[in-house]
Amino acid sequence: MEKYDIYLVEDEENLSEVLKAYMQKEGWNVTVFDNGDAAVDAVSNKPHLWVLDIMLPGTDGYQVLKAIKNEEDTPVIFISARDQDLDRVLGLEMGSDDYLSKPFLPQELIIRVKKILNRVYGSSTSDVQKVELNAYTIDPIGRTIIDTEENNEAVDLTTKEMDLMLLLSAEIGKAFSREKIIEHVWGDNYFGSERAVDDVVRRVRKKMPRIHLETLYGYGYRILSS
């Protein structure tokens with residue numbers, strides 16, 4: 001069982017205790033923060049996922065989300081009891097990965113968390129092999145890419161850049177549509193433009209210049225072996 005680190009930011013003590021208990025039953029390490037200031041101070045710890053309430057004393061959830069995304073593209077689930085449509089749109093625009101409106105069943109949160117962890121971090125089984133491609137070593141389990149031509153230095157990718165590379169490199173030569181890439185990298189709740197895919201591809205090409213990441217005009221992308 002994968003020991004994911006989940007940070008829960010919720011100032012309602014009863015709710016946070018219930019949600020923590022449910023998540024701990026899944027084998028996850030759960031740390032609870034009851035205010036936004038403490039959460040911001042912990043952003044540099046880089047957990048696997050944040051569950052973040054919008055309404056918080058002091059620093060609100062939007063400010064915490066901004067701090068998280070400024071540090072690293074760690075997945076975030078927003079929860080709120082305020083104006084649901086407005087919070088949902090603002091949260092997703094700012095980079096949250098999913099949204100739950102109060103009240104909700106704890107089991108629903110567990111389902112959402114599992115879905116995101118699986119999408120972002122993938123399988124942890126030992127039969128997933130590393131991929132050697134144009135002097136890059138891609139490790140799907142450790143979510144690392146090592147540049148063997150540059151003193152074995154790690155390639156610094158954001159979460160979405162890494163998701164894209166793991167998706168495309170898992171099946172060299174297979175074409176993926178922009179729609180499929182969005183589904184895998186951003187999830188079902190993404191409402192933005194497909195140009196977001198092109199932006200991530202552009203950044204990956206800059207960071208990994210030896211990767212042959214081919215554009216299929218009007219469709220999507222694929223990685224070729226050479």
Side-chain angles (χ1 to χ4, degrees), residues 1-122 143 156-163 185-192 196:
M1 181 181 295
E2 188 73 21
K3 278 287 186 179
Y4 291 110
D5 293 317
I6 311 293
Y7 280 9
L8 170 63
V9 190
E10 172 57 65
D11 64 322
E12 296 182 29
E13 184 176 354
N14 292 338
L15 178 58
S16 66
E17 289 180 356
V18 170
L19 297 181
K20 179 180 180 180
Y22 270 83
M23 288 190 285
Q24 286 179 330
K25 286 181 181 179
E26 299 295 326
W28 303 328
N29 298 318
V30 183
T31 303
V32 177
F33 303 90
D34 62 5
N35 65 84
D37 295 331
V40 169
D41 290 340
V43 164
S44 60
N45 295 340
K46 300 180 181 178
H48 292 95
L49 181 141
W50 290 81
V51 179
L52 175 62
D53 191 10
I54 291 176
M55 293 294 291
L56 296 168
T59 302
D60 66 18
Y62 290 120
Q63 294 171 288
V64 177
L65 176 60
K66 183 178 180 180
I68 293 169
K69 295 303 180 179
N70 283 341
E71 179 74 23
E72 188 170 311
D73 197 14
T74 304
V76 177
I77 296 177
F78 247 18
I79 56 178
S80 177
R82 299 196 317 180
D83 186 320
Q84 297 178 12
D85 290 338
L86 177 60
D87 284 337
R88 178 186 177 89
V89 170
L90 288 176
L92 292 172
E93 283 183 345
M94 293 180 66
S96 69
D97 295 78
D98 206 344
Y99 179 89
L100 273 173
S101 58
K102 295 179 180 178
F104 58 85
L105 295 174
Q107 294 92 331
E108 184 178 1
L109 175 64
I110 297 302
I111 292 171
R112 302 286 186 99
V113 171
K114 284 182 176 179
K115 184 174 181 180
I116 291 177
L117 291 176
N118 182 64
R119 172 171 61 83
V120 173
Y121 301 104
R143 289 181 62 82
D156 185 17
L157 300 182
T158 66
T159 299
K160 288 181 173 53
E161 291 164 3
M162 181 66 73
D163 288 343
V185 175
W186 281 267
D188 298 334
N189 291 304
Y190 179 72
F191 295 106

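Index from 1, following the sequence. Only heavy atoms go into these numbers, but all of them, side chains included; no hydrogens, no water, no symmetry mates.
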Looking at [X] and [Y], what are the two nearest heavy atoms and their distance?
X	Y	value
Asp34	Pro57	O-CG, 3.7 Å
Ser44	Asp41	OG-O, 4.2 Å
Pro47	Asp5	CB-O, 3.4 Å
Phe33	Ala42	CZ-CB, 3.5 Å
Ser80	Tyr99	CB-OH, 3.6 Å
Leu52	Leu65	CD2-N, 3.8 Å

State the [atom1]-[atom2] distance between [X] and [Y], to the nearest 0.5 angstrom.
X	Y	atom1	atom2	answer
Glu17	Leu15	CD	CG	10.0 Å
Met162	Asp156	CE	CG	9.0 Å
Asn35	Asp11	CG	CG	8.5 Å
Leu8	Leu19	CG	CG	6.0 Å
Ile68	Trp50	CD1	CH2	4.5 Å
Ile77	Lys115	CD1	NZ	10.5 Å

Do [X] side-chain atoms and [Y] backbone N/O form a donor-acceptor pair below 3.5 Å?
X	Y	result
Asp60	Tyr62	yes
Glu10	Glu12	yes
Lys69	Thr74	yes

For this session: Only one of His48, Glu26, Met23 passes side chain to side chain contact (heavy atoms under 4.5 Å, CB included) with Tyr4; say which it is.
Result: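 So the option named by the test is His48.
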
Problem set entry | side-chain contact (heavy atoms from CB on, under 4.5 Å) between Trp28 and Leu49, intermediate numbers included | CA-CA 11 Å; Trp28 303 328; Leu49 181 141; over 6 Å; no

Exercise. Hey, is CD on Glu108 packed in by over 12 heavy atoms from elsewhere, all under 6.0 Å?
Worked result: yes

For this session: Please assess Val51 against Arg112 for the test side-chain contact (heavy atoms from CB on, under 4.5 Å), listing each intermediate value before the final yes or no.
Result: CA-CA 10 Å; Val51 179; Arg112 302 286 186 99; over 6 Å; no

For this session: Could you please spell out the steps behind the side-chain contact (heavy atoms from CB on, under 4.5 Å) verdict for Phe104 and Ile79?
Result: CA-CA 9 Å; Phe104 58 85; Ile79 56 178; 3.9 Å; yes

